[in-house]
Amino acid sequence: MPELPDVELFKRLAEQCCIGKTIADLEVADPKLLKGISPAALQRQWRNKKLRAARRHGKVLFLEADSAGALAMHFGMNGSLQYLAKTEKAPRFVRLALAFADGHRLAYLNPRRIGHVMLISDANAYIAQEGLGPDALSPAFDYAALTAALEGKRQAIKAALMDQTRIAGIGNIYADEILFQAKIYPLTSANALDEAAKRRLFQAIKSVLQTAVDYKAGSEILTDRLPNGFLIPERHAGGKCPRCGAAILSFKLGGRSGYYCPQCQPKPGG
DNA sequence: TTAAGTGTTGCTCT
DNA sequence: AAGAGCAACACTTA
C-alpha cells in the first residue's frame, strides 16, 4: 500500500481527526517496531502532550507533539493508519496507538512488521540524516531537480525513480504508472532520456501522484477509485493496455515485478 | 501447499 | 565506484 499518495492520505486523516488533541496514553503493542526509545520512555515523554502537526516527506509520516519531538512512521510493505472511534474494537495488526483524552485512538497497523516508528527530535534533521531526496510532490522538486537527479546515471529509469535518495515517495507501483503515462520503457538508462522524454516524465510524476491523492486512491487495485487510462488496474497477468488494448507485459527489476505496454512504451531503438 | 507481494537494508559480485 | 542481484525481514492472500 504505502507509497506517497497513501501516506498523504494518512497525513490528512491525522490532521482531520487528531491535531490539537491531548494524548492520554501510548499503547505499544509491538515494541520491536519502535526505534530510538523504549515504550516506557515514550509514554513518559508523550503522555499529556498535544499532537501539534502532521507532516509528510516521501513515504514517511511525521507526527509532532508539543515540545516532545516527533514520531517518524515508516509503513513498509503494507502498513496503514486508522482512526478508531471510542467504542471501536481494535482491528488486527495494531502495533502502536495514540489514545486521546476523548477516548478515540489513532492506530498504526503493520501486518508484516516491515517498517518502524521512530522517535526523532526534528523532521528536517531526520530527512537529512536519512539522505532522502526532495519530496516528489513538493515545489522543491522541479524539472531542474529531476534532471539533476538523473544526471550521468546509467541505471534503469525505473530504479532511479524508486531511489529515495534522489526523489522521495515513488515505489514500485507508481513507478510503473508514471512511466506508462510518460510513455517511457522502464529499463531505459536514466541518462539516455532525451529532453522531451524528461519533460514527459516530470509532468507524469506530478500528475500521477496528484491524481492518485485527489481520487483518494491507494496503490491497491481499486479500479473505481482511479481515473480511466491508468495502468494500475491492469497491472497483472492478462492485463490490457487502457490506451491501445495491447497485452501488458511483465518484467523483473531488483526482484520486483514491473508491468508495461510494449506498444506505448517501446524500447529505445527497438 | 506454494508463491508472490506495495519497502528497505546490507552484502556480494562485476 | 556505480549498479545489479539477492536474501532477509514477517505474514497474508491467491
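Within every chain, numbering begins at 1; the chains are lettered A, B, ... in the order of the sequence lines, protein sequences first and strands thereafter.
- By the neighbour-count criterion of 12 heavy atoms within 6.0 Å, atom CZ of A:Arg12 is densely surrounded, having more than that number from other residues, nucleotides or ligands.
- Remark: A:Lys59 is in phosphate contact with B:dG7, judged by side-chain N or O atoms under 4.0 Å from OP1 or OP2.
- Rounded to an integer number of Å, the gap from NE2 of A:His74 to P of C:dA10 is 17 Å.
- Distances were taken from every side-chain heavy atom of A:Ser257 (C-beta onward) to each of B:dG7, B:dG5, C:dA10; the shortest belongs to B:dG5.
- Going from atom CZ of A:Phe10 over to atom P of B:dG7 covers 12 Å, rounded to whole Å.
- Summarising the local packing, CG of A:Asp194 is surrounded by more than 12 heavy atoms from other residues, nucleotides or ligands at distances under 6.0 Å.
- Comparing A:Tyr259 and A:Gln164 against DNA chain B, the residue whose closest nucleotide sits nearer the 5' end is A:Tyr259.
- Between A:Leu187 atom CG and C:dA4 atom P the separation is 10 Å, expressed in whole Å.
- As a whole-Å value, the separation of A:Arg256 CZ from B:dT9 C1' is 13 Å.
- As judged by a 4.0 angstrom heavy-atom cut-off over every strand, A:Arg154 is placed among residues touching the sugar-phosphate backbone only.
- Of the candidates C:dG3, B:dG5, C:dT12, C:dG3 carries the atom nearest the A:Arg166 side chain, counting heavy atoms from C-beta on.
- Set against C:dC11, B:dG7, B:dG5, the side chain of A:Phe93 has C:dC11 as its closest nucleotide.
- Remark: the separation of the C1' atoms in B:dT1 and C:dC9 is 22 Å, to the nearest Å.
- Applying the 4.0 Å criterion to OP1 and OP2 of C:dA10, one finds that A:Lys32 has a side-chain N or O inside that range.
- When heavy atoms are screened at a 4.0 angstrom cut-off, A:Gly255 is found touching no nucleic acid atom at all.
- Distance CD (A:Glu151) to P (C:dG3): 12 Å, rounded to an integer number of Å.
- Within the 4.0 angstrom heavy-atom criterion, no nucleotide atom of any strand lies near A:Phe75.
- The number of heavy atoms from other shown groups lying within 6.0 Å of NZ (A:Lys50) does not exceed 12.
- For the pair A:Arg112 CZ and B:dG5 P, the interatomic distance rounds to 11 Å; values are reported in whole Å.
- A straight line from CD1 of A:Ile114 to P of C:dA8 spans 13 Å, rounded to a whole angstrom.
- Classified by interplanar angle (parallel below 30°, tilted 30° to 60°, perpendicular above 60°), the ring pair A:Tyr260/A:Phe251 is perpendicular.
- Across the strands present, C:dA10 finds no partner; the criterion is a Watson-Crick or G-U wobble pair with both atom distances under 3.5 angstrom.
- Looking at the side chain of A:Glu3, the nearest of the listed nucleotides B:dG7, B:dG5, C:dT12 is B:dG7.
- Considering only the side chain of A:Glu130, B:dT9 comes nearest among B:dT9, B:dG7, C:dT12.
- Side-chain nitrogen and oxygen atoms of A:Lys252 include at least one within less than 4.0 Å of the OP1 or OP2 phosphate oxygen of B:dG5.
- Remark: A:Lys183 NZ is loosely packed, at most 12 non-hydrogen atoms of other residues, nucleotides or ligands lying under 6.0 Å away.
- The CD1-P distance, from A:Ile232 to B:dG5, rounds to 15 Å in whole Å.
- Between A:Tyr83 and A:His104, the ring-plane angle classifies as tilted under the 30° and 60° cut-offs.
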